[in-house]
Amino acid sequence: MDLLFGVAAVASVPLILAGFTWYAMRARRTGSGQSLMAPFEEIWDPVAHRTNVEVHAQARRTPQAPSPGDPPAA
């Protein structure tokens, strides 16, 4: 029985690493990786977290008026 637990523990390490690898590739492809690491980033580096939140907020904003020289909207 102890051998079974040892084998399960050793076998779970590559499976967990494969899961992290899969999630990282998926997050890079879809751009959704930040939400998983945000709590850890907020704990260990709060300035970077606040900066990242502000960058994402600015990316979602739409400009209120067109820039000078932009063609009129159709």
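Since this is a predicted model, take the numbers as computed values, not measurements. Residue indices begin at 1 and follow the sequence shown. These values consider heavy atoms only, across backbone and side chains, with no hydrogens, waters or symmetry-generated copies.
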Which side-chain N or O atoms in residues 13-21 pair as donor and acceptor under 3.5 Å with protein atoms at least two apart or in another chain?
from: Thr21; atom 1: OG1; to: Leu17; atom 2: O; distance (Å): 2.9

Looking at CZ of Arg50 and CG of Asp45, how far apart are the two atoms once the value is rounded to the nearest 0.5 Å? 9.0 Å

Transitive ILVMFWY cluster of Leu3 at side-chain heavy atoms under 4.5 Å: who else is in it? Val7

Go through the structure and list residues passing side chain to side chain contact (heavy atoms under 4.5 Å, CB included) with Val10, not counting sequence neighbours. none

